[in-house]
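Just so you know, these numbers come straight off a predicted model, no measurement behind them.
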Amino acid sequence: MDESMYRHSGSAGNSVYALLKEQIISLELPPGTALSEKETSVRFQVSRTPVRESFVKLAQEGLVLVFPQRGTKVSLIDTGLVEEARFMREQLECAVIRLACTNFSADWLAKLETNLVQQRESIERHEGRRMFDLDEAFHRILFEGCGKLATWGVMQQLNVHFNRVRMLRLDTNPHWNHLYDQHSKMVEFIRDKAADEAERIMHEHLNLGVTDLNVLRGQYPEYFK
């Protein structure tokens, strides 16, 4: 990832915060990783102040732990917060896809179909990170197309904990074709205005990560709280 792109977009503090958050969610900085103000400031070519501010913001989101006089670490994955994030997503996304089945324009449907084409390309190229981003974009399109983009933004505040499990699952035991098939069915059900079927497949889709959670905890016990 081009770190200079982040340094020059907005303030230094926001840039460092955005990149660190991205690296934590993508597991480039795994749970338990020690973070140094000095090393981070050198890496991003900024003073320690924006780094310190970034650590505070990340700590408020539960992504890092700051220990006075002892340093900072990437937080372990809290399964309680993962479950809360999944619960919130399930409630909101099932409601949104039902809404999409009654009020979703042809233009927004075309955006979903374009996203599906890109997903298929990513699967063929074995691009796990790209597939994760397209999965996120697919769900954002649903909210935006239903006029609920602010709701999506609020949901993302807690979703960071769920996303680390999703990323770990994709990295270790990818179900990319299954994800693609579920997304394809969602588009089909929206087109057919089949709200019950759309809600059912969304429910199954959002429970994939939870199904694998115990397996992931067994494979990576050092990553979990």
Working for side-chain contact (heavy atoms from CB on, under 4.5 Å), residues F189 and I97: CA-CA 9 Å; F189 292 144; I97 202 167; over 6 Å; no
R48 CZ to K38 NZ distance, which is reported to the nearest 0.5 Å: 6.5 Å
Contact summary for R164 and L27, nearest pair of heavy atoms: O-CD1, 4.0 Å
Where P50 and S54 come nearest, the two heavy atoms and their spacing: O-OG, 2.8 Å
Salt bridge R200-E204, side-chain N to carboxylate O under 4.0 Å: yes
Audit row: Q157, E61, side-chain contact (heavy atoms from CB on, under 4.5 Å) steps and yes/no: CA-CA 7 Å; Q157 295 176 22; E61 296 182 13; over 6 Å; no
Point-to-point distance, once rounded to the nearest 0.5 Å, from CZ of R140 to CG of D135: 14.0 Å
Over all atoms of both residues, closest heavy-atom pair of F224 and T79: CD2-CG2, 3.8 Å
Ring geometry between H205 and H139 (parallel below 30°, tilted from 30 to 60°, perpendicular above 60°): parallel
For the student: nearest non-hydrogen atoms of L134 and Q119, plus distance: CD1-N, 3.7 Å
L76 reachable from L81 in the ILVMFWY side-chain graph, under 4.5 Å edges: no
Criterion side chain to side chain donor-acceptor pair (under 3.5 Å) on R120 and N115, from CA distance to verdict: CA-CA 9 Å; R120 173 49 59 190; N115 181 279; over 6 Å; no
Distance (rounded to the nearest 0.5 Å) between F44 CZ and L19 CG: 4.0 Å
Residue pair L29 / L35, side-chain heavy-atom distance below 4.5 Å: yes
Close side-chain approach of V66 and V56, heavy atoms under 4.5 Å: no
Interatomic distance, L112 atom CG to I190 atom CD1 [nearest 0.5 angstrom]: 5.5 Å
Modelled atom types, side-chain donor and acceptor of R86 and N159, under 3.5 Å: no
Linked, directly or transitively: V154 and V96 (ILVMFWY side chains, under 4.5 Å): no
Nearest-0.5 Å distance that lies between atom CD in E136 and atom CH2 in W152: 4.5 Å
Evaluation steps, side-chain contact (heavy atoms from CB on, under 4.5 Å), between H203 and E93: CA-CA 9 Å; H203 174 80; E93 297 218 36; over 6 Å; no
V51 vs E39, side-chain contact (heavy atoms from CB on, under 4.5 Å): CA-CA, chis, key distance, verdict: CA-CA 10 Å; V51 173; E39 291 176 1; over 6 Å; no
Heavy-atom closest pair, residues A195 and C101: CA-SG, 3.7 Å
Taking every non-hydrogen atom, the tightest pair across F143 and T151: CE2-CG2, 4.0 Å
Donor-acceptor under 3.5 Å (S26 side chain, Q23 main chain): yes
Verdict with reasoning, R166 to N163, per side chain to side chain donor-acceptor pair (under 3.5 Å): CA-CA 5 Å; R166 291 173 58 216; N163 280 345; 2.5 Å; yes
F162 side chain reached by M88 side chain, heavy atoms, under 4.5 Å: no
Distance, nearest 0.5 Å, that separates NZ of K225 from CG of D78: 4.5 Å
Q118 side chain to E127 side chain, donor-acceptor N/O pair below 3.5 angstrom: no
Summary of side chain to side chain donor-acceptor pair (under 3.5 Å) pairs that have at least one residue in residues 102-113, sequence neighbours excluded: E113-R191
Backbone of G62 reached by a side-chain donor or acceptor of S75 within 3.5 Å: yes
Non-hydrogen side-chain atoms of Y223 and P30 separated by less than 4.5 Å: yes
Exceeds 12 heavy-atom contacts within 6.0 angstrom, atom NZ of K21: yes
Note: K185-D181 ion pair, threshold 4.0 Å (strictly below): no
